[in-house]
Amino acid sequence: MSRFFITTPIYYINAEPHLGHAYTTMVADAVARAHRLMGDDVFFLTGTDEHGQKVERAAQKSGEGTVAFADRTAQKFRDLLPALNISNDDFIRTTEPRHFAASQALWRLVRDRGFIYKDRYQGWYCTVDEVFVPEKQLVEGRCPLCNSVVEKLEEESYFFRMSAFQQTLLAHYRQHPEFVTPDHRRNEMLAFLEAGLDDLSISRTSFTWGIPVPDDPAHVMYVWFDALTNYMTAVGYGSDAPEQQQRFAHYWPADVHLIGKEIVRQHAIYWPAFLLAAGLPLPKRIMSHGWWLMEGAKMSKSKGNVVRPQDYVQHFGLDAVRYFVFREMVFGQDANFADDAILTRYNADLANDFGNLASRATTMIHRSCGGVVPAPDAALLEREPERALRSTLDRVVPAVRALVEEFQLSAALREIWEVVAASNRYIVVREPWKLAKSGSAQELHTALFVAADTLRVIAELLRPFMPDTGERTLAMLGVTPSATAWVDLRAGTLAPGGTLGTTVPLFPRIEHSVEELRLMADDTTQGAVPQTPAPSAPAQAPAHAPAPAQAAIPATTEAPKIAIDDFMKVELRTAKVLTAERVPKSSKLLKLFVDTGIDQRTIVAGIAEAYEPESLVGRTIGIVFNLKPAKLMGIESNGMVLAASAEGQKPILISFGDNPPPPGSRIR
RNA sequence: GCCGGAGUAGCUCAGUUGGUGAGAGCACGCGUCUCAUAAGCGCGGGGUCGGCGGUUCGAAUCCGCCCUCCGGCACCA
């Protein structure tokens with residue numbers, strides 16, 4: 001069993017989490033899960049980068065303390081993890097004490113070995129943007145960003161003697177061609193190295209939100225020195241505790257730093273230079289992926305085309321989104337995120353090919369074999385379609401393993417779908433429904449066994465990519481998931497005599513366009529907060545209910561019983577409607593302004609089809625008082641109106657009669 | 001500007017060291033089964049392989065020039 005330490009970048013908390021962050025984290029998750037299934041001792045790290053002037057300023061602007069701001073914004077990234085079913089082993093924040101200790105330890109080490117010196121940092125400073133502008137970028141002596149006049153400024157700074165490592169790094173690149181992937185990024189880094197390295201300014205005195213430089217607290221470490229060190233902090237670097245030192249010895253160096261292409265240099269040059277200076281081992285691989293483009297354009301806030309993964313998770317379910325991003329992006333290249341592409345992938349690959357296969361294979365065993373895995377006939381297994389299918393598996397399983405190790409998730413899924421297609425073809429050739437009527441029992445049992453056995457291998461192969469789907473498919477087959485299922489994964493290992501679970505539709509076809517789905521979701525869901533997927537709950541209805549008609553009404557009534565305490569967490573109160581108006585471009589939403597007795601607030605409610613706005617003014621309604629705010633059609637809604645909605649019917653508000661209680665009365 | 005990628009069917013892309021008549025998926029058309037989520041399976045149409053020129057018995061694949069797009073040299077998954 002080998003050790004596998006994989007990291008994502010730590011995400012800078014100055015931005016909102018978006019598809020880019022989600023993608024990096026999901027890729028790392030899939031690879032980490034695959035290594036666990038292969039029996040490796042995996043450590044999977046992600047976290048947040050919280051220091052620097054940008055954060056300090058954003059915190060000032062927000063009026064919170066810097067610490068409170070960092071806590072709140074870091075939490076947004078942390079919240080993304082369960083929503084994406086991420087199996088990280090640790091979540092590191094650069095503001096944690098352990099990270100201060102590690103960063104300062106690394107600094108001291110590098111300093112004591114003679115690679116840090118103090119000098120003056122001199123440059124052109126733009127007082128408007130508050131940044132140093134490199135001389136080359138000046139436009140006629142003015143700031144290229146805001147066109148204001150820059151001034152020459154000097155600041156005392158510590159410098160890292162990066163220039164000392166050019167030759168060592170070049171040698172390392174030559175000895176380890178796999179160090180930077182993909183190749184064209186490696187070539188870029190080689191070009192950068194050959195051009196020569198400048199020493200790097202690694203401290204600042206112009207702000208204080210950072211890790212103090214040891215023995216000179218007027219300086220804080222400049223962002224990358226502190227940030228990159230996180231990879232060692234999390235495995236125990238800088239700690240005095242013996243068990244932490246052992247952990248560090250065990251897990252360092254990292255096997256993979258997974259990053260986006262925009263931070264290759266920091267990881268492929270700065271970071272190894274720091275480590276060389278400290279005399280510490282270098283990470284084995286820097287793997288960099290491309291960007292997600294929207295309609296061919298880079299995502300950016302100003303273009304308003306930032307993809308929020310939660311929206312798609314809501315429409316298609318988490319596993320479908322994971323499948324899409326893995327399948328669609330060739331590692332290292334940019335890829336397009338298009339609504340119709342994800343819908344096509346969903347219906348063609350997940351619903352038609354795989355979901356339907358799982359459904360037909362298990363249903364036939366329920367019908368013809370009483371839901372028990374039949375025993376195959378050894379001689380019949382040696383006939384042609386069976387042998388061919390088996391050899392497909394023999395080829396695909398190791399291929400998938402190898403591809404995942406190289407982060408070729410798209411190709412790996414393509415291989416798995418070869419098996420899906422082969423399995424569908426096998427069923428057509430053997431026609432078990434005919435065998436059930438007139439064929440021999442041995443032939444029927446063999447065909448159904450092979451179908452189920454193949455499905456089981458597919459389910460195991462899918463687990464890193466779509467953990468929930470893999471386990472639900474195994475549950476349909478009555479197979480208990482094993483933590484190391486990939487160690488000896490092959491055809492013919494499904495145990496005859498096992499009892500199948502219930503067949504459930506894994507990916508119901510979606511007949512609506514994405515635009516329709518989006519409108520429905522906007523009108524019917526009250527929270528933009530992504531659903532936390534129920535981990536391994538095999539027998540339940542689809543956790544993510546992609547069918548939009550079900551969005552307003554739970555598909556089943558099998559909700560577990562709750563205690564009175566749980567109920568009392570929900571503050572139901574009366575409120576009086578002050579104003580009501582239609583939300584433009586929405587067929588179902590009304591914007592209400594209500595008096596809750598405690599405050600006055602806006603609530604958006606999906607009742608426009610049932611009530612005229614005017615009829616509501618002055619009326620007393622029931623609301624959920626302490627619901628998290630959510631944005632619906634761009635309007636922040638603070639609470640939720642209580643109304644009964646029978647399936648297919650318009651909602652009816654809870655009524656308090658002619659003599660209603662005062663606003664703010666608790667409902668229980 | 002310098003360096004590096006990419007331009008192949010309507011769409012997204014495979015095509016190692018030049019050589020059986022240029023491929024896959026999706027979409028589209030036709031056929032077919034009925035176990036299955038109106039899913040599956042089979043067949044089919046469609047491409048001057050960015051342009052021009054060259055090397056060669058033979059080039060999408062090598063060379064030169066040109067056009068277009070993208071990236072690195074300068075922040076951001």
Side-chain angles (χ1 to χ4, degrees), chain A residues 8-12 14-15 17-28 46 49 54 77 129 131-137 144-145 182-192 194-195 223 258-266 288-293 296 298-301 306 327-328 330 332-336 338 340-341 343-345 347-368 410-411 414 417-418 420-421 423-437 444 447-448 451 503-511 547:
Chain A
T8 74
I10 47 175
Y11 302 110
Y12 201 53
N14 199 31
H18 61 253
L19 180 67
H21 305 106
Y23 175 72
T24 313
T25 312
M26 288 192 283
V27 169
T46 186
D49 180 11
K54 279 188 193 167
F77 286 90
D129 294 321
V131 289
F132 281 97
V133 183
E135 182 130 23
K136 282 186 237 166
Q137 286 180 25
L145 299 173
D183 284 346
H184 61 272
R185 297 290 158 212
R186 177 171 181 273
N187 291 339
E188 284 172 11
M189 290 306 108
L190 278 169
F192 187 85
E194 278 158 6
V223 56
L258 176 67
I259 59 172
K261 65 182 183 181
E262 69 290 337
I263 49 175
V264 174
R265 195 196 315 157
Q266 287 81 0
S288 104
H289 63 70
W291 280 339
W292 282 101
L293 308 176
K298 192 187 162 187
M299 271 186 255
S300 72
K301 259 192 216 166
V306 174
R327 179 66 184 77
E328 204 71 7
V330 175
Q333 299 189 318
D334 291 349
N336 256 301
D340 56 336
L343 184 64
T344 298
R345 285 278 177 215
N347 277 335
D349 296 359
L350 296 177
N352 294 355
D353 289 350
F354 172 67
N356 182 51
L357 171 67
S359 184
R360 68 197 301 207
T362 55
T363 300
M364 285 189 285
I365 296 178
H366 279 290
R367 287 202 178 184
S368 314
S410 178
R414 215 156 46 218
W417 254 253
E418 289 286 319
V420 171
S423 194
N424 272 321
R425 280 194 294 273
Y426 173 78
I427 291 174
V428 168
V429 170
R430 276 291 174 237
E431 300 182 299
W433 51 92
K434 284 191 182 161
L435 296 174
K437 282 181 197 148
L444 173 67
L448 292 182
T503 294
V504 293
L506 295 169
F507 297 101
R509 278 184 65 85
I510 297 177
E511 306 293 354

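Every value quoted in this text rests on a predicted model; they were computed, and no experiment measured them. Every heavy atom of this structure was used, including side-chain atoms; hydrogens, water molecules and symmetry mates were not. Proteins get letters first, then strands, A, B, ... in listed order; numbering begins at 1 in each.
- A distance of about 8 Å separates the P atoms of B:rC26 and B:rG40, rounded to the whole Å.
- Note on A:Arg327: every side-chain N or O is 4.0 Å or more away from OP1 and OP2 of B:rG25.
- Atom CZ of A:Arg414 and atom CG of A:Asp349 lie 11.5 Å apart (nearest 0.5 Å).
- Here the side chain of A:Ser359 pairs no donor or acceptor atom with the backbone of A:Gly355 at under 3.5 angstrom.
- Nucleotides B:rC65 and B:rG29 have their C1' atoms positioned 44 Å apart, rounded to a whole Å.
- Nucleotides B:rC57 and B:rU12 are separated by 39 Å at their P atoms, to the nearest Å.
- Which of B:rA77, B:rG71, B:rG40 sits closest to the side chain of A:Tyr12 comes down to B:rA77.
- Among B:rG71, B:rA77, B:rC73, the nucleotide with an atom closest to any side-chain atom of A:Glu188 is B:rG71.
- Regarding A:Tyr23, its OH atom lies at a distance of 18 Å from the C1' atom of B:rC76, rounded to whole Å.
- As a whole-Å value, the separation of A:Glu418 CD from B:rA14 C1' is 12 Å.
- What separates CG of A:Asp49 from C1' of B:rC76 is a distance of 12 Å, to the nearest Å.
- In a base pair of the Watson-Crick type (N1 to N3 plus N6-O4 or O6-N4) or a G-U wobble (N1-O2 and O6-N3), with each distance short of 3.5 Å, B:rA60 is matched with no nucleotide.
- Pairing for B:rU20 is absent, judged as Watson-Crick or G-U wobble with the two contacts each under 3.5 Å.
- Across all strands shown, B:rC49 remains unpaired; no Watson-Crick or G-U wobble contact has both distances below 3.5 Å.
- Taking each heavy atom of A:Thr25 and A:Tyr11 in turn, the nearest pair found is OG1-OH, 2.8 Å.
- Comparing A:Glu328 and A:Arg345 by the nucleotide of RNA chain B that holds the closest heavy atom to each, the one mapping nearer the 5' end is A:Glu328.
- Annotation: B:rG42 and B:rU34 have their C1' atoms spaced 15 Å apart (nearest Å).
- In this structure, CG of A:Leu190 is placed 13 Å from P of B:rG4, rounded to the nearest angstrom.
- Rounded to an integer number of Å, the gap from A:Asn14 CG to B:rC75 C1' is 12 Å.
- The shortest distance between side-chain heavy atoms of A:Asp353 and A:Phe507 does not fall below 4.5 Å.
- Distance CG/A:Leu350 to CH2/A:Trp417: 5.5 Å, rounded to 0.5 Å.
- Atom CG in A:Asn347 sits about 22 Å away from atom P in B:rC11, given to the nearest Å.
- Comparing the C1' positions of B:rU48 and B:rC35 gives a spacing of 47 Å, expressed to the nearest Å.
- Across all strands shown, B:rA36 remains unpaired; no Watson-Crick or G-U wobble contact has both distances below 3.5 Å.
- The nearest whole Å value for the distance from the CZ atom in A:Arg185 to the P atom in B:rG4 is 15 Å.
- Of the candidates B:rC26, B:rG42, B:rG72, the closest approach to any side-chain atom of A:Arg425 belongs to B:rG42.
- Side-chain N/O atoms of A:Thr362 and A:Thr503 include a donor and acceptor closer than 3.5 Å.
- For the pair A:Leu258 CG and B:rA77 C1', the interatomic distance rounds to 9 Å; values are reported in whole Å.
- Rounded to whole Å, the separation between the P atoms of B:rC28 and B:rG54 comes to 44 Å.
- Pair assignment for B:rA9 gives none, since no Watson-Crick or G-U wobble pairing has each distance under 3.5 Å.
- In this entry B:rC43 has B:rG29 as its Watson-Crick or G-U wobble partner, both defining distances falling under 3.5 Å.
- Nucleotides B:rG50 and B:rU37 place their P atoms 45 Å apart, quoted to the nearest Å.
- Under the Watson-Crick and G-U wobble criteria, each requiring two contacts below 3.5 Å, nucleotide B:rG1 is paired to B:rC73.
- Although no hydrogens or angles enter the test, the distance criterion places no donor-acceptor pair under 3.5 Å between the side chain of A:Asn424 and the main chain of A:Leu357.
- The residue A:Asp353 sits close only to the backbone: its heavy atoms come under 4.0 Å of sugar-phosphate atoms, none of a base.
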Worksheet item: Can you give one letter per nucleotide of nucleotides 28-37 of chain B, going 5' to 3': B for a protein heavy atom under 4.0 Å from the base, S for sugar-phosphate only, - for none?
Response: -----SSBBB
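- A:Met364 contributes atom CE, which lies 13.0 Å from atom CZ of A:Arg430 (distance to the nearest 0.5 angstrom).
- When all heavy atoms of A:Ala358 and A:Leu506 are compared, the pair lying nearest together is CB-CD1, 3.8 Å.
- One P atom belongs to B:rU16, the other to B:rG5, and the distance between them is 15 Å to the nearest Å.
- The nucleotide whose nearest atom lies closest to any side-chain atom of A:Ile263 is, among B:rC76, B:rC73, B:rC26, B:rC76.
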